[in-house]
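Step one of this worksheet: look at the structure below.
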Amino acid sequence: MRLHKGKIAIVIIILLALFPFYIFINASKVGEKDSNTGNAATQVDVAKTAKPNKKADDVAEKGPSEDTSQQAGVEEAAAKIEDSPATSDSAVPEPGASDETKKTNDNNGFVVVIDPGHQLRANLEKEPVGPNATETKIKVSGGTTGVATGKPEYVLTMEASLILGEMLEKNGVQVIFTRTTHNVNISNRERAEIANQNKADLFVRIHADGAEDPTVSGFSVLTPAANSPYTKEIYQDSLKASQMIIEAAAKNPAVKVNGVKFRNDLSGFNWSQAPSTLVEMGYMTNPAEDKKLSDRDYLTKLIRDVADGILQYARYKEE
């Protein structure tokens with residue numbers, strides 16, 4: 001019996017000796033398990049971070065993705081818009097974006113007086129057609145009216161003049177308007193004298209045409225005639241400016257160009273001491289052309305051509 005109890009005591013002693021070892025082994029396994037779990041979590045985080053890098057690598061190997069190409073196109077278009085001296089609050093080409101316009105860097109010394117033709121009410125009183133002239137003409141007529149749009153000429157000429165003025169100013173030209181509202185009373189002689197008083201380098205008159213025949217259409221530029229006794233000193237420069245505007249407009253396939261026409265009976269020319277040109281944008285008595293002149297896109301491109309011609313003339317005078 002004593003022997004049996006002795007054996008039990010030995011077993012208990014052995015077990016007590018092995019128990020700390022058992023605890024140590026289990027603790028090591030638990031630590032190993034926790035360590036593996038932490039590594040797995042870290043691998044997930046690394047995978048999430050590496051995913052965009054893998055996409056970047058793919059782009060580098062395969063070339064720009066479709067999205068990258070589209071973004072490049074947007075940036076290129078934005079750069080072109082920034083280079084364009086243009087302004088518009090609608091989705092149309094901004095004014096003054098052509099190559100001719102971009103060539104002019106500094107025209108701060110060049111003065112253009114822009115005359116939006118006509119006004120709210122005609123003035124049928126008469127004035128001399130030129131200095132010391134016995135012949136007289138009405139001071140300012142009422143202009144024509146769009147047969148399709150119902151728009152008065154004085155409204156259209158103001159719209160076009162403001163576009164032109166902004167284009168020129170963005171290219172360094174000093175711009176002066178004879179009028180900026182419709183309710184004025186300024187005769188053709190007085191408009192020319194505004195150009196004289198401001199020592200204009202060019203007097204630009206903006207008009208639209210009219211005819212009894214509704215099929216007549218086209219863009220033209222009027223210029224002082226060689227045989228006018230009032231415009232001898234400005235004849236050559238006026239003609240040069242008029243020709244340059246016509247040449248610029250002729251590059252526009254959407255515009256029918258009729259050419260340069262000579263006039264000796266216009267008070268606005270005869271009283272002007274500055275080289276003068278009169279732009280007839282088109283016929284408001286032609287239904288199709290009348291609608292085009294009230295289309296912002298068409299008008300902007302047409303006036304851009306006028307601006308290009310004026311800027312070319314400015315460069316010519318600087319040479």
Side-chain angles (χ1 to χ4, degrees), residues 112-119 122-144 153-154 156-157 160-161 164 178-179 186-196 200-213 216-250 255-286 289 293 302 305-306 309-310 313:
V112 173
V113 170
I114 300 176
D115 177 33
H118 306 285
Q119 56 195 31
N123 185 342
L124 302 182
E125 294 179 7
K126 294 192 174 182
E127 63 185 2
V129 73
N132 302 315
T134 56
E135 181 185 357
T136 60
K137 290 185 69 173
I138 62 171
K139 290 186 172 181
V140 57
S141 67
T144 190
E153 183 181 350
Y154 67 82
L156 176 63
T157 60
S161 295
L164 176 61
T178 60
R179 71 178 179 94
I186 311 173
S187 74
N188 287 316
R189 171 184 175 174
E190 291 169 337
R191 293 168 192 242
E193 287 178 340
I194 292 174
N196 298 340
D201 293 291
L202 187 63
F203 180 37
V204 181
R205 309 173 66 193
I206 303 297
H207 284 255
D209 230 329
E212 293 184 4
D213 184 352
V216 176
S217 65
F219 174 93
S220 61
V221 176
L222 309 187
T223 197
N227 63 355
S228 171
Y230 309 108
T231 56
K232 292 181 183 293
E233 293 184 0
I234 64 171
Y235 167 74
Q236 288 291 347
D237 281 338
S238 297
L239 178 58
K240 193 71 174 178
S242 299
Q243 289 174 331
M244 287 178 169
I245 292 172
I246 282 291
E247 289 169 2
V255 179
K256 176 188 175 185
V257 176
N258 292 334
V260 175
K261 300 178 182 179
F262 297 90
R263 297 288 294 270
N264 62 8
D265 61 333
L266 300 183
S267 305
F269 284 167
N270 296 341
W271 283 98
S272 179
Q273 297 166 7
S276 305
T277 185
L278 189 153
V279 174
E280 294 280 13
M281 298 180 288
Y283 283 78
M284 299 183 78
T285 49
N286 179 293
E289 196 157 61
L293 290 170
L302 178 65
D305 299 331
V306 176
I310 293 171
Y313 175 74

For this session: Evaluate side-chain contact (heavy atoms from CB on, under 4.5 Å) for S187 paired with N123, printing each intermediate quantity in order.
Result: CA-CA 8 Å; S187 74; N123 185 342; 5.8 Å; no

Exercise. So, do P116 and Y154 sit near enough that their side-chain heavy atoms are less than 4.5 Å apart?
Worked result: no

Exercise. N286 versus V216: any side-chain heavy-atom pair under 4.5 Å?
Worked result: no

For this session: Determine yes or no for a side-chain-to-main-chain donor-acceptor pair under 3.5 angstrom, with N258 supplying the side chain and S220 the backbone.
Result: no

Problem set entry | Closest non-hydrogen atom pair, G268 against S272 | O-CB, 3.5 Å

Problem set entry | For A133 against P128, the heavy-atom pair lying closest together | O-CB, 3.9 Å

Exercise. Any side-chain heavy atom of N227 within less than 4.5 Å of one from F262?
Worked result: no

For this session: Go through the steps to decide whether Y230 and V129 satisfy the test side-chain contact (heavy atoms from CB on, under 4.5 Å), and finish with yes or no.
Result: CA-CA 9 Å; Y230 309 108; V129 73; 4.3 Å; yes

For this session: Give the intermediate values and the outcome of side-chain contact (heavy atoms from CB on, under 4.5 Å) for residues N270 and L266.
Result: CA-CA 6 Å; N270 296 341; L266 300 183; 5.7 Å; no

Seminar exercise, completed: To the nearest 0.5 Å, atom CG of N188 lies from atom CD1 of I138 at 8.5 Å

For this session: Nearest 0.5 Å please: distance from the CE atom of M284 over to the CG atom of L293.
Result: 7.0 Å

Exercise. Nearest 0.5 Å, what's the CD1-CD distance between I206 and E153?
Worked result: 11.0 Å

For this session: For the residue pair V112 and L164, establish whether any side-chain heavy-atom pair is separated by less than 4.5 Å.
Result: no

Problem set entry | Point-to-point distance, once rounded to the nearest 0.5 Å, from OH of Y313 to OG of S238 | 7.0 Å

For this session: Sequence neighbours left out, what pairs pass salt bridge (charged side-chain N to carboxylate O under 4.0 Å, His left out) with at least one residue falling in residues 233-243?
Result: D237-K317

Problem set entry | Least distance between heavy atoms, H118 atom then G142 atom | ND1-C, 3.8 Å

Problem set entry | OG1 on T223 to CD1 on I246, rounded to 0.5 Å | 10.0 Å

For this session: Check whether any side-chain N or O of S267 sits under 3.5 Å from a backbone N or O of R189 as a donor-acceptor pair, and report yes or no.
Result: no

Problem set entry | Nearest atoms (heavy-atom pairs only) where F219 meets A249 | CE2-CB, 3.7 Å

Problem set entry | Taking every non-hydrogen atom, the tightest pair across S276 and P224 | O-CD, 3.4 Å

For this session: Please determine if E125 and K139 form a salt bridge, counting it only when a charged side-chain N lies under 4.0 Å from a carboxylate O.
Result: yes

Exercise. What are the two closest heavy atoms between D115 and R191, and how far apart are they?
Worked result: OD1-NH1, 2.8 Å

For this session: Establish, for the pair R205 and F269, whether the NZ or CZ atom is under 6.0 angstrom from the six-membered ring centre and no further than 45 degrees off its axis.
Result: yes

Problem set entry | Check: N196 main-chain N/O paired with Q273 side-chain donor or acceptor under 3.5 Å | no

For this session: Quick one: pull up CG in L222 and CZ in R263 and give me the separation to the nearest 0.5 Å.
Result: 6.0 Å

Exercise. For I186, does its backbone N or O pair with a side-chain atom of Q119 as donor and acceptor, under 3.5 Å?
Worked result: yes

For this session: Start with the C-alpha distance between V113 and T178, add both sets of side-chain angles, then the distance that settles side-chain contact (heavy atoms from CB on, under 4.5 Å), and finish with yes or no.
Result: CA-CA 7 Å; V113 170; T178 60; 3.8 Å; yes

For this session: Quick one: list whatever passes side-chain hydrogen bond (donor to acceptor under 3.5 Å, both in side chains) with K137, sequence neighbours left out.
Result: none

